[in-house]
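A short worksheet on the structure shown next.
By convention in this document, chain letters (A, B, ...) are assigned in the order of the sequence lines, proteins followed by strands, and residues within each chain are numbered from 1.
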Amino acid sequence: MSSEWVIDAHGLEKSYGSGTSRFDALKGVSVQIAAGETVAIVGKSGSGKSTLMHLLALLDEPDQGTLEVAGQTAKSLSKRAVNELRNKEFGFVFQQFFLTPNVSVLDNVILPLKIAGMGGKERRRRGMEVLTQLELADKAGNKATTLSGGQKQRVVIGRALVNAPRVIFADEPTGNLDTATGAVVEDILFELNRSQGITLVIVTHDEELAARCDRQIYIRDGLVVQHTAARSAAHSAAAPTNTEAHSAAAPTNAEAHSTAGGAA
Amino acid sequence: MRTKDLIISAISNTFRSKLRTTLTVLAIFVGAFTLTLTNAVGAGVSQYVDAQVGALGSPDVFIITQASDASTAGDGPVKYDAASSASVASQQGPPGTTTKALTDADLASIANVAGIESVDPIRAVQADYIESESGTPYEFSINATSAVTTADLTAGAQLDGSASAAQLVLPDTFVTPLGFASAADAVGTSVSIGITDILGAKHVVAATIVGVSLESLLASGAGANDALIAELADAQSGGIDTAVTSYGVAVAHFDTALSADGITALKADLASEGYTASTIADQLGAVQTVITGIVGVLNAFAVIALIAAAFGIINTLLMSVQERTREIGLMKAMGMSGGKVYTLFSLEAIVIGFLGSALGAGVAIGLGSALSAVLSRGLLSGLPGLNILLFEPASVALVIGLVMLIAFLSGTLPAQRAAKQNPIESLRYE
């Protein structure tokens with residue numbers, strides 16, 4: 001695939017249910033994500049931010065709008081191609097860990113490789129490599145349920161990382177962790193972005209986490225309300241964080257010049 | 001996902017919820033256990049019946065009698081003809097009917113029917129006793145049809161029909177009383193058979209034991225070859241030649257290559273000549289129908305148990321799918337296709353089916369073999385050669401295969417449900 005990995009979405013609309021129970025989760029959202037950048041999708045519960053991530057990650061199909069992944073229209077891709085894209089190029093980190101209980105840490109980490117059909121030896125080698133990178137090598141044989149929250153989330157990151165993806169989608173990656181462990185997990189994610197150039201798409205309502213990203217997309221009631229522009233070269237870890245920002249609509253970066261959102 | 005990985009995952013997933021899997025496996029176990037046993041009973045009994053059929057006669061043999069007179073009753077009495085009319089024997093037909101005996105003329109006309117290769121009358125001889133060198137005589141009977149039958153031998157060889165020397169196949173119950181150390185020991189020795197002729201005079205005929213046979217359920221008595229039968233019959237007749245030789249039954253050989261239809265046609269031909277022909281299979285047909293029926297009913301019960309177990313599999317897997325909704329969602333999010341998810345859950349059903357059926361069949365074979373050994377020495381010792389439970393590898397494999405098929409079919413619904421799951425809905429937590 002091209003090194004200029006781009007997700008380009010225009011006018012995405014998505015609704016659930018029908019009639020009076022109809023709920024419009026997204027009402028026309030356009031976002032572009034360039035290769036190697038870190039993007040935060042920020043919004044409150046029910047704002048539609050998770051739905052947006054699902055559409056960008058090809059986990060769901062939009063009702064309206066177009067989505068291009070690496071120059072290919074998502075709609076034109078076959079089911080198999082979409083599955084392969086998610087398997088090979090995307091990694092997922094969820095708020096809840098979704099680790100398979102009673103299965104070893106290593107087996108949990110190599111699940112995407114198993115699905116990809118990689119051989120057993122190669123799988124284990126790659127899995128151990130990732131676990132070593134995340135300082136979890138000594139836990140490889142442990143059952144996933146015996147780990148602490150922070151360790152679990154590191155395993156989840158390992159699982160997202162094991163297939164050497166181009167993009168990691170993280171949905172509230174620190175939502176289930178205390179501040180200290182959350183910070184460690186954040187550091188790992190941003191370090192991956194810096195050292196391996198993995199694009200990060202982070203869905204969060206945590207302003208501090210959002211501020212560490214290159215760019216923030218604020219979502220409210222299914223619309224982009226504010227879109228902070230990408231900073232030139234500086235990467236997230238070096239960026240100053242705005243600890244006073246609490247409102248979802250507030251700008252979080254001094255250099256960011258806000259654009260009026262809500263364009264449907 | 002590779003097939004090997006799918007199978008390994010399916011097996012390890014099966015053991016994830018041990019109690020639930022165990023209970024489901026137990027339900028299948030009961031069905032597979034029963035089915036294996038009932039099949040074994042069927043196989044054991046049919047093998048026994050087959051051995052009995054062998055004792056009764058070869059497959060290429062008709063037992064021929066005159067057609068029953070009952071059917072011609074409406075025509076009034078038949079005129080007596082000294083040359084052709086034979087005495088009426090009431091022994092051969094069903095009770096209450098009379099059957100005319102066969103004469104030499106009848107034998108000639110049977111032999112003329114196209115398709116019949118040879119026809120031999122069966123001459124009944126009533127021996128009095130058998131005596132060996134040990135000196136004690138024992139009451140003794142000879143099976144008149146033994147010349148055309150195949151004995152269920154424990155030692156020695158079958159009778160040689162063309163031999164000119166008198167040969168005898170001894171039932172194994174006579175071995176010890178006659179003073180032989182073993183069945184093999186008896187083979188080759190000479191015995192004396194006592195017989196009384198029609199005038200009351202006693203005769204003794206010598207014969208050589210060529211084989212020792214198991215007692216048969218359907219054909220009792222010792223076997224004698226044509227030479228011995230002829231010698232005994234001559235002694236029995238006391239030198240008096242009756243005007244018309246009559247026989248109750250004749251045995252006709254037909255071409256072994258004849259198809260079932262050909263045999264039916266041949267029977268019709270014989271019937272039009274006024275003879276009733278029946279094969280050994282016809283005579284045993286009723287017995288076999290009953291056995292097949294009983295085994296069928298037992299099998300039906302086993303299958304009902306399996307159907308009940310199938311619902312257990314459906315239930316177990318539905319619960320499993322429910323519990324693992326998020327896991328399924330995750331796998332699908334990571335690019336696992338619906339088809340692979342379907343295969344995974346189907347395989348889990350098959351693994352459960354295999355576990356239950358392999359265990360059921362294994363325990364059935366173990367217990368059944370022990371039970372069979374005990375029964376053949378105790379309750380069923382009167383039926384030598386009967387192995388009440390016969391486990392045939394093919395039928396055991398068939399049972400396991402059938403159960404796995406039922407398991408697969410039961411897994412269809414849950415597997416479909418899992419395959420159809422939407423990754424988003426499975427992972428939704430907002």
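For the pair A:H54 and B:P423, the minimum side-chain heavy-atom distance is 4.5 Å or more. Inter-residue side-chain proximity for B:L330 and A:F92 is flagged as unmet; no heavy-atom pair is nearer than 4.5 Å. Residues B:E327 and A:L111 have side chains not in contact (no heavy-atom distance under 4.5 Å, counting atoms from C-beta outward).
The number of heavy-atom neighbours closer than 6.0 Å to CD of A:E122, taken from other residues, nucleotides and ligands shown, is above 12. In this structure, A:Q196 places its CD atom where more than 12 heavy-atom neighbours from other residues, nucleotides or ligands lie under 6.0 Å away. At most 12 non-hydrogen atoms from other residues, nucleotides or ligands lie less than 6.0 angstrom from CZ of B:F354.
Between the CE atom in A:M118 and the CG atom in B:D5 there is a gap of 11.5 Å [rounded to 0.5 Å]. Separation of atoms CZ (A:R80) and OG (B:S337) is listed at 7.5 Å; rounding is to 0.5 Å. Atoms CG and CG, from B:N422 and A:D60 in turn, are 6.0 Å apart once rounded to the nearest 0.5 Å.
B:R326 places no side-chain N or O within donor-acceptor distance of the main-chain N or O of A:F98, the cut-off being under 3.5 Å. Using a distance-only test at 3.5 Å, with no hydrogens or angles considered, a donor-acceptor pair links the side chain of A:R86 to the main chain of B:A333. The backbone N or O of B:R16 lies less than 3.5 Å from no partner atom in the side chain of A:N102, so there is not a single donor-acceptor pair.
For A:Y16, the part lying under 4.5 angstrom from a heavy atom of chain B is the side chain only.
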- A:I115 vs B:M331, side-chain contact (heavy atoms from CB on, under 4.5 Å): CA-CA, chis, key distance, verdict: CA-CA 8 Å; A:I115 290 170; B:M331 289 194 294; 4.1 Å; yes
- Task: Show the numbers, then the answer: is there a side-chain contact (heavy atoms from CB on, under 4.5 Å) between A:R159 and B:M334?
- Result: CA-CA 10 Å; A:R159 187 175 62 195; B:M334 288 179 174; 3.1 Å; yes
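Between chain B and the residues A:G119, A:A160, A:P101, the largest count of heavy-atom pairs under 4.5 Å involves A:G119.
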